[in-house]
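Taking it in order: structure first as structure tokens, then the write-up.
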Amino acid sequence: MIALVDCNNFYASCERLFRPEYNGRPVIVLSNNDGCVIARSNEAKALGIKMGAVFYMMEEMIKEHQILVFSSNYTLYGDMSARVMNNLARFAPAVEVYSIDECFLDLTGMTDLEAYAHRIRHSVIRNTGIPVSVGIAPTKTLAKLANKMCKHTGGVCVLDTEEKIRQAVETYQVEDLWGIGRAYAAKLITMGINTAADLRNMPIGFIQERLTIQGVRMWNELWGKSCIPVNDALDRKKALCTSRAFSRLTSDLTVLIEATASYASRLSLKLREDKSCATVISVRLLTNRFKTDQPQACPSIAIPLTHPVNNTHDIVHTALAGLRAIYLEGFLYQKVEVMATGLIPESEVQLNIFSKWNGPVYDKLSAVMDQINKHYGRGTVRIAAEGQEQTWAMKRRYLSPAYTTEWKDIIKTK
DNA sequence: TCTGGGGTCCTAGGACCC
DNA sequence: TCTGGGGTCCTAGGACCC
């Protein structure tokens, strides 16, 4: 049997954790640049606020219902996530951290799962303050389904008999299935397939044809046959990306250079944290797709590197060369993306006999910068190309303190 | 004024190899 | 009438996840 443990309204729960006076009040968390709603407390959901709702259109509602608003604070969420996952790791021999707020537990061979699920819930809330739901079933797909079903009914659901599974899939909407997104849901519903049971009752040939191999796996899993194992190994990333909208649109190349240098620098840090090196750096500029009355463009380039690297200097240098190559005048850009692909482990980098390469010097420089920034805070030392003012930097008007990761932000008691 | 930021997997088609 | 049989790699596009 497999358990899926999912944190309830995770970002909203994190924000409220350090502000207990907000319990019982509607809380929303915004995306980067304070653009749209990406997390809601139950009270906010009850007000009818939808996932992805556009924030600037909500002004009246915020006032009327005294909704508490937060900019997203990934430093806080990442740290709270690690605490929750550490706590969960004690409950199973194999766990797979599936996302920032979800974890699969392999409960093979365990008995009295209902009681065990309650123990997991109580442990996490007691040790971290984050409420979770636990769904248990023979497969990952059914565990996801079980978890979603019990979000508002006690937080525990165990589907351990065929009869319980049959009843569950009959009322479960097809668009809520793990693996069915917007496009598939629309197609299936026009064909009269509305519930998980409807889908499960279709012939396998139909599934293979319409939903390809991943659909076949899902279909088998709905019948209780596990096809997606719990993967407790940490897979290496295949790509890393830093992409962010600016606080305002711009056509100014000097602004784009600053932003690109800054994102590339951040990307190189991610590479070093991942202990991998990039063999290809890609850069892409994007205009605002919502402004349909303005000319649109998204020029991009992929630059192969002569030597796999992860130091700040080489990554920034390459990204800026890419930016200059693709920049087109006459467009208002909203965002730049810098991506690293063809990743290889840092320890497996091959030397290149033909190219002169100053990497070691820059590698050392990056290591020193990382040490300083780790001690004194991100951005304490950075390269000049990133700029001083950073007028393009994203909006975070409602940012909460980094309660658990910054000494200056730690909670004080009287 | 204002609409997120990361990732993964699969398929089809084309170019190439022996 | 009729033109082999295996492969790999790459890219673009489309689907999905959180």
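So you know, we letter chains A, B, ... as the sequences are listed, proteins then strands, and number each from 1.
Residue A:Leu30 is out of contact with every strand shown, counting any heavy-atom pair closer than 4.0 Å. Within the nucleic acid shown, A:Asp101 comes within 4.0 Å of sugar-phosphate atoms alone, with no base atom in reach, counting heavy atoms only. Within 4.0 Å of A:Ser72, counting heavy atoms only, lies no atom of the nucleic acid at all. Here A:Ala239 lies in heavy-atom contact (under 4.0 Å) with sugar-phosphate atoms only. Using a 4.0 Å heavy-atom cutoff across all strands shown, A:Leu177 reaches sugar-phosphate atoms only and no base atom. Nucleic acid contact for A:Ile100: none, since no nucleic acid atom lies under 4.0 Å from a heavy atom of the residue. Across all strands, A:Arg182 comes closer than 4.0 Å only to sugar-phosphate atoms, never to a base (heavy-atom distances). Across all strands, A:Arg397 comes closer than 4.0 Å to no nucleic acid atom at all (heavy-atom distances). As judged by a 4.0 angstrom heavy-atom cut-off over every strand, A:Leu240 is placed among residues touching the sugar-phosphate backbone only.
Note on the helix from B:dG5-C:dC18 to B:dC18-C:dG5: terminal axis deviation equals 10°, with five pairs used at each end and the result rounded to 10°.
Ring-plane geometry between A:Tyr74 and A:Tyr11 is classed as perpendicular, the angle between the planes exceeding 60 degrees on a 0 to 90 degree scale with a lower cut at 30. By the 30° and 60° cut-offs, the orientation of the rings of A:Tyr333 relative to A:Phe331 is tilted. Between A:Tyr362 and A:His313, the ring planes lie parallel to each other; the angle is under 30°, not in the 30° to 60° tilted range.
The closest side-chain donor-acceptor pair between A:Glu389 and A:Thr391, if any, does not fall under 3.5 angstrom. A donor-acceptor contact closer than 3.5 angstrom is absent between the side chains of A:Thr405 and A:Asp79.
Contacts between chain A and DNA chain B, taken as any atom within less than 4.0 angstrom of a protein heavy atom, begin and end at B:dC2 to B:dT11.
Residue pairs meeting the ring pair (Phe, Tyr, Trp, His ring centres under 6.0 Å) criterion with at least one partner in residues 32-69 of chain A, sequence neighbours excluded, are A:Phe55-A:Tyr398.
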